[in-house]
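Counting starts at 1 for both ligands and their atoms, following the listed order.
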Amino acid sequence: MKLRNIAIIAHVDHGKTTLVDKLLSQSGSFRENQRQEERAMDSNDLEKERGITILAKATSVEWKDVRINIVDTPGHADFGGEVERILNMVDGAVILVDASEGPMPQTKFVLGKALKVGLKPIVAINKIDRHDERHQEVLNEIFDLFVALDATEEQLDFPVLYGSGRGGWMAEAPEGPQDKGLEPLFDLIVKHVPEPDTAGKDEPFKMIGTILEANPFLGRIITGRIQSGSIKPNQPVKVLHGDGTLLETGRITKILSFRGLERVPVDYAEAGDIVAIAGLSKGTVADTFCDPQVNEPLVAQPIDPPTVTMSF
Ligand code: GDP
């Protein structure tokens with residue numbers, strides 16, 4: 001199956017959660033038995049219920065023969081390093097902007113970082129059904145923002161879709177067509193976002209830890225994008241700090257791949273994919289997880305307090 005890795009960038013309330021829900025429900029990965037009220041990216045109520053905070057998540061949708069990993073970008077601007085690490089896991093981004101409010105500070109902050117790491121974003125002007133929508137002005141504001149953030153010519157040439165996440169449609173024109181649902185967005189992601197580079201899949205395994213979780217059954221889980229090589233359960237790995245010092249050696253006990261809202265154990269994963277691995281007891285965010293023969297760590301983004309989340 002082909003693969004795409006994207007981030008969705010939006011200011012709070014611009015409709016990210018609703019859109020991801022609709023992507024899930026219109027994609028092949030949606031499972032009837034998945035409780036629809038359990039929304040994809042924003043499980044505030046669930047979190048409150050469990051008394052925990054989930055700070056970063058990923059989900060995946062399937063469109064035709066492509067699996068699209070979607071990672072959420074943090075809703076806060078405090079930890080710069082975290083946003084950069086997450087953006088470094090993906091090859092594209094969808095910038096979702098409310099057609100009435102226009103780009104807001106959070107859009108600017110994360111978009112600036114996305115442009116800096118070289119992503120070529122897709123712009124989606126959302127909530128076009130609002131009576132006070134002003135899509136033409138908002139598009140101009142977004143363009144001006146790209147310019148102010150030093151976007152390259154290629155980045156400035158961004159594709160634009162209009163639509164309503166809640167209405168479950170996106171189209172090249174603000175008036176629709178609406179009856180194609182989110183197909184234009186799925187197609188644009190597949191067309192515009194580069195396929196992850198799998199050229200290094202025969203090289204030794206390397207991955208930067210990006211999201212750390214404590215799981216009651218599996219222990220420590222680290223999510224990251226496999227930069228090179230491949231992994232199987234039981235494979236020996238070591239963990240290197242950014243300065244090259246050895247933190248630990250161990251074995252991978254489990255590899256989890258994203259499928260819809262769930263994560264499923266897999267027997268194999270290779271360069272380009274975003275996975276979660278269990279089995280190591282010390283390795284953390286910004287460390288390099290790699291084959292025992294590797295001695296050079298990958299260059300990590302600035303280190304900030306690791307994000308420890310709980311998963312169930
Ligand atoms: P998030 O904070 O970006 O995840 O935003 P949500 O998806 O939670 O949406 C925020 C609010 O906007 C909710 O009340 C949604 O029902 C509403 N909303 C989402 N999509 C649309 C849309 O396409 N049109 C309109 N008018 N409202 C929407």
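Using a 4.0 Å heavy-atom cutoff, Gly165 is listed among the residues neighbouring ligand 1.
Which of Arg166, Met170, His14 comes nearest to atom 27 (N) of ligand 1 through a heavy atom is settled by distance: it is Arg166. Taking only non-hydrogen atoms, the option from Lys22, Lys127, His11 nearest to atom 18 (N) of ligand 1 is Lys127. For atom 10 (C) of ligand 1, the nearest non-hydrogen atom from the set Leu96, Asp72, Asp13 comes from Asp13.
Gln155 contributes a side-chain N or O that, together with a main-chain N or O of Leu115, makes up a donor-acceptor pair within less than 3.5 Å.
In this structure, Glu133 does not pair ionically with Arg130, as no charged nitrogen and carboxylate oxygen lie closer than 4.0 Å.
For the 3.5 Å distance criterion, the side chains of Lys254 and Asn215 fail to qualify, holding no donor opposite an acceptor.
Proximity to Asn126 (heavy-atom distance under 4.0 Å) selects the following atoms of ligand 1: 23 (O). The contact set between ligand 1 and Ser164, taken as ligand atoms under 4.0 Å from a residue heavy atom, comprises 22 (C), 23 (O), 24 (N). Within ligand 1, the atoms closer than 4.0 Å to a non-hydrogen atom of Gly15 are 1 (P), 3 (O), 5 (O), 6 (P), 7 (O), 9 (O), numbered from 1 in the order shown.
Under 4.0 angstrom from ligand 1, the non-hydrogen atoms of Arg130 all belong to its side chain.
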message: Before you tell me yes or no, could you show the steps for Ile226 and Val275 under side chain to side chain contact (heavy atoms under 4.5 Å, CB included), namely the whole-Å CA-CA distance, both residues' side-chain angles and the distance that decides it to 0.1 Å?
response: CA-CA 7 Å; Ile226 304 176; Val275 291; 3.9 Å; yes

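Checking each of Asp91, Thr210, Asp273 against Arg225 for a side-chain hydrogen bond (donor to acceptor under 3.5 Å, both in side chains) leaves exactly one that passes, namely Asp91.
Residues Val294 and Ile252 do not share a hydrophobic cluster, defined by chaining ILVMFWY side chains whose heavy atoms lie under 4.5 Å apart.
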